[in-house]
Amino acid sequence: MSSLRHCLWAWCLACLYGAAAPVRAEERPIGIILAAGDIATCSTDPVRNGTATASLVMREIEKARASYPDVEVRVIALGDLAYDRGSAGSVACFDKSWGQFRDRILPVPGNHDYEFDGKASAYFSYFNSTFAALNANEKIGTYALDFPSTGSSRWRLIALNSNTSTGAQSPQARWLESELQAARGRCVIAFSHAFFYSSGFHGHKDAQDVGQPLAPLEVMRPLFTTLYNYRTSVFLAGHDHHYEQLGRAGPNAKPDDLGLSAVAVDGVRSFVVGTGGKALYQKDYKKKWAFTEAYDLRSFGILKIELHPTSYSWEFLPTVPSSSMVIVKQMNSDICNLAN
């Protein structure tokens with residue numbers, strides 16, 4: 001039944017807006033984003049301490065420097081950077097692997113980054129100069145920036161904190177709405193540690209039974225709804241330790257139809273990239289969202305997104321070659337929504 005729903009969804013979506021506009025392979029990107037979350041422990045294992053994904057990031061930075069020397073590359077670190085509890089010692093282990101490109105990192109904190117003292121003090125101390133340069137909120141570390149930093153065609157990147165108040169009337173929600181109002185007519189990417197949609201462990205309310213129903217992460221509903229209302233193009237997150245690519249959707253998915261009713265031509269495309277190094281959640285739940293396009297439960301790696309003036313393309317890069325990616329709908333490029 002799940003496969004049938006996926007097929008029906010793909011057919012319906014094609015009827016609604018046709019195939020995504022392809023980005024020509026020869027088209028030069030205006031900026032490149034590399035992203036992953038759930039990254040580093042103090043293990044000597046190069047996968048678990050983040051060295052494997054850090055090597056991938058450095059490889060892509062060098063490739064971009066050789067092919068497009070004037071194209072900016074930024075690295076989005078999607079929270080839970082320093083396991084297990086976000087202490088200064090844990091952050092030091094993160095620094096040993098991902099610190100080599102610290103000046104390129106755009107961070108958001110995860111729940112584990114707060115565990116040591118409830119304030120994510122080591123996280124905020126480590127990124128103090130980064131936050132100063134980004135003019136970030138001093139208390140919760142939210143910020144927004146133009147990317148690339150120069151040029152006439154720039155995307156707006158918005159960093160959210162899923163560990164503080166996310167309610168519809170919270171200061172963060174009001175700030176997000178003001179940022180999106182200011183970004184009208186532009187392509188927007190938002191990112192936080194927590195997702196709204198995932199077909200993984202946390203996306204099933206941490207259920208051990210693989211037959212349990214899906215559930216959006218309610219704490220993120222107000223923020224995701226605002227992203228949708230203002231036609232945000234992409235939402236990046238970690239938290240669930242797998243890779244998942246989810247097609248355009250609004251905020252009102254119903255678990256009983258696997259979210260088919262939420263498919264929207266102007267919806268937000270989501271990616272879950274909790275593949276930075278911490279142990280993966282390999283439980284394969286029977287129910288996936290109807291708009292899930294691809295998922296990989298067994299590969300560590302990073303998401304690469306190439307930005308163009310009004311479109312983008314992406315690729316999940318595993319740390320080792322793998323055949324574990326499940327493709328439900330072949331999509332690797334799309335046009336962006338222009339925020340309204």
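These values consider heavy atoms only, across backbone and side chains, with no hydrogens, waters or symmetry-generated copies.
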Sequence neighbours left out, cut at 3.5 Å: what donor-acceptor pairs do the side chains of residues 274-282 make with other protein atoms?
{"from": "Thr275", "atom 1": "OG1", "to": "Gly301", "atom 2": "O", "distance (Å)": "2.8"}
{"from": "Lys278", "atom 1": "NZ", "to": "Asp84", "atom 2": "OD1", "distance (Å)": "3.1"}
{"from": "Gln282", "atom 1": "OE1", "to": "Arg298", "atom 2": "NH1", "distance (Å)": "2.7"}

Tyr114 vs Asp80, test: side chain to side chain donor-acceptor pair (under 3.5 Å). Steps then yes/no. CA-CA 9 Å; Tyr114 274 86; Asp80 281 3; over 6 Å; no
Shortest non-hydrogen separation from Ile30 to Ser153 and the atoms involved: CD1-O, 3.0 Å
OG1-CZ distance between Thr166 and Phe196, expressed to the nearest 0.5 angstrom: 11.0 Å
Applying the side chain to side chain contact (heavy atoms under 4.5 Å, CB included) test to Arg74, which of Ile105, Leu34, Ile32, Leu145 qualifies? Leu145
Report yes if the side chains of Lys96 and Asn49 come closer than 4.5 Å at any heavy-atom pair, otherwise no. no
Tyr295 versus Met325: any side-chain heavy-atom pair under 4.5 Å? no
Checking ring-ring contact (aromatic ring centres under 6.0 Å, His included) for the pair Phe131/Phe124: CA distance, chi angles, key distance, verdict? CA-CA 8 Å; Phe131 291 139; Phe124 281 104; 5.6 Å; yes
Is a donor from one side chain sitting under 3.5 angstrom from an acceptor on the other, for Thr51 and Trp98? no
Would you check, one step at a time, whether the test side chain to side chain donor-acceptor pair (under 3.5 Å) holds for Trp175 with Ser170? CA-CA 9 Å; Trp175 170 81; Ser170 66; over 6 Å; no
Quick one: are Lys283 and Gln208 in side-chain contact, heavy atoms under 4.5 Å? yes
Consider only side-chain heavy atoms of I, L, V, M, F, W and Y, link residues closer than 4.5 Å, and tell whether Leu307 and Trp314 are in one cluster. yes
For Tyr285, is the OH atom crowded, meaning more than 12 foreign heavy atoms sit under 6.0 Å from it? yes
is_close_aromatic(Tyr228, Phe224), centroid dist under 6.0 Å: no
Is there a side-chain contact between Leu180 and Thr226, using heavy atoms and a 4.5 Å cut-off? yes
Same cluster (ILVMFWY, side-chain, under 4.5 Å), Val47 and Ile302: no
Would His242 and Asp296 count as having a side-chain donor-acceptor pair, cut-off 3.5 Å? no
Got a second to check how far Ser97's OG is from Arg48's CZ, nearest 0.5 Å? 14.0 Å
Are Val57 and Tyr126 connected, step by step, through hydrophobic side chains (Ile, Leu, Val, Met, Phe, Trp, Tyr) whose heavy atoms are closer than 4.5 Å? yes
Can you run down the salt bridge (Lys or Arg N to Asp or Glu O under 4.0 Å) pairs that involve residues 173-182, sequence neighbours left out, and say none if there aren't any? Arg156-Glu179
Nearest heavy-atom pair of Phe291 and Ala262: which atoms, and what distance? CE2-CB, 4.4 Å
Residue pair Phe191 / Leu106, side-chain heavy-atom distance below 4.5 Å: yes
Can any side-chain N or O of Asp113 pair as donor or acceptor with the backbone N or O of Gly79 at less than 3.5 Å? no
Residue pair Ser149, Glu72: steps toward the side chain to side chain donor-acceptor pair (under 3.5 Å) verdict: CA-CA 8 Å; Ser149 57; Glu72 287 182 53; 2.5 Å; yes
Applying a strict under-4.5 Å side-chain criterion to I, L, V, M, F, W and Y, I'd like to know whether Phe201 and Met220 cluster together. no
With no hydrogens and no angle check, is any side-chain donor or acceptor of Asp146 less than 3.5 Å from a backbone partner on Arg154? no
Student check: side-chain heavy atoms of Asp95 and Val91 closer than 4.5 Å: no
Look at the aromatic rings of His112 and Tyr83 and report parallel, tilted or perpendicular, splitting at 30° and 60°. tilted
When rounded to the nearest 0.5 angstrom, what distance separates CG in Leu236 from CD1 in Ile158? 12.0 Å
Within a strict 4.5 Å, meaning less than it, do heavy atoms of the Asn332 and Glu315 side chains meet? no
Work out which heavy atom in Asp45 is nearest to a heavy atom in Ser43; give both atom names and the distance. N-OG, 2.9 Å
Between the side chains of Arg59 and Glu62, is the shortest nitrogen-to-carboxylate-oxygen separation below 4.0 Å, so that they form an ion pair? no
Distance col, row Ser313:OG vs Ile305:CD1, nearest 0.5 angstrom, shows 9.0 Å
Show, in sequence, the C-alpha distance, side-chain angles and deciding distance for Arg269 and Glu293, and conclude whether the salt bridge (charged side-chain N to carboxylate O under 4.0 Å, His left out) test is met. CA-CA 10 Å; Arg269 177 178 296 283; Glu293 296 173 345; 2.5 Å; yes
Does a side-chain heavy-atom distance below 4.5 Å link Ile33 with Leu157? yes
When the ring planes of Trp155 and Tyr312 are compared, do they come out parallel, tilted or perpendicular, using 30° and 60° as the limits? perpendicular
Walk me through whether Ser233 and Val188 qualify under side chain to side chain contact (heavy atoms under 4.5 Å, CB included). CA-CA 6 Å; Ser233 294; Val188 174; 5.7 Å; no
Quick one: CZ on Phe316 to OG on Ser322, what's the gap to the nearest 0.5 Å? 8.5 Å
Is the His239 ring parallel, tilted or perpendicular to the Phe195 ring (thresholds 30°, 60°)? tilted
Donor-acceptor pairs under 3.5 angstrom involving side-chain atoms of residues 135-143: please list them, not counting sequence neighbours.
{"from": "Asn137", "atom 1": "OD1", "to": "Lys139", "atom 2": "N", "distance (Å)": "2.8"}
{"from": "Asn137", "atom 1": "OD1", "to": "Ile140", "atom 2": "N", "distance (Å)": "3.0"}
{"from": "Tyr143", "atom 1": "OH", "to": "Pro107", "atom 2": "O", "distance (Å)": "2.9"}

How far apart are the closest heavy atoms of Ala35 and Leu78, and which atoms are they? CB-CD1, 4.2 Å
Testing the 3.5 Å rule here: is there a donor-acceptor pair between the side chains of His193 and Asn111? yes
Hydrogens and angles aside, do Gln181 and Tyr230 bring a side-chain donor and acceptor to less than 3.5 Å of each other? yes
Quick check for you: to the nearest 0.5 Å, what is the distance between His241 atom NE2 and Ser198 atom OG? 10.5 Å
Salt-bridged, Lys205 to Asp209, with N to O below 4.0 Å? no
Counting distance only, does the side-chain N/O of Asp38 pair as donor-acceptor with the main-chain N or O of Gly238 below 3.5 Å? no
Lys304 and Glu306: salt bridge (charged side-chain N to carboxylate O under 4.0 Å, His left out), yes or no, with the steps? CA-CA 7 Å; Lys304 177 182 179 180; Glu306 293 192 347; 3.7 Å; yes
Where do Arg248 and Ala264 come nearest, in terms of heavy atoms and distance? CB-O, 3.2 Å
Does either side chain, that of Trp289 or that of Glu244, offer a donor lying less than 3.5 Å from an acceptor on the other one? no
Strictly below 4.0 Å, N to O, side chains only: are Arg85 and Asp117 in salt-bridge contact? no
Using every non-hydrogen atom in the two residues, find where Pro213 and Lys287 come nearest and quote the distance to one decimal. CA-CD, 3.9 Å
Grouping I, L, V, M, F, W and Y whenever their side-chain heavy atoms are under 4.5 Å apart, do Leu246 and Val219 come out in a common cluster? yes
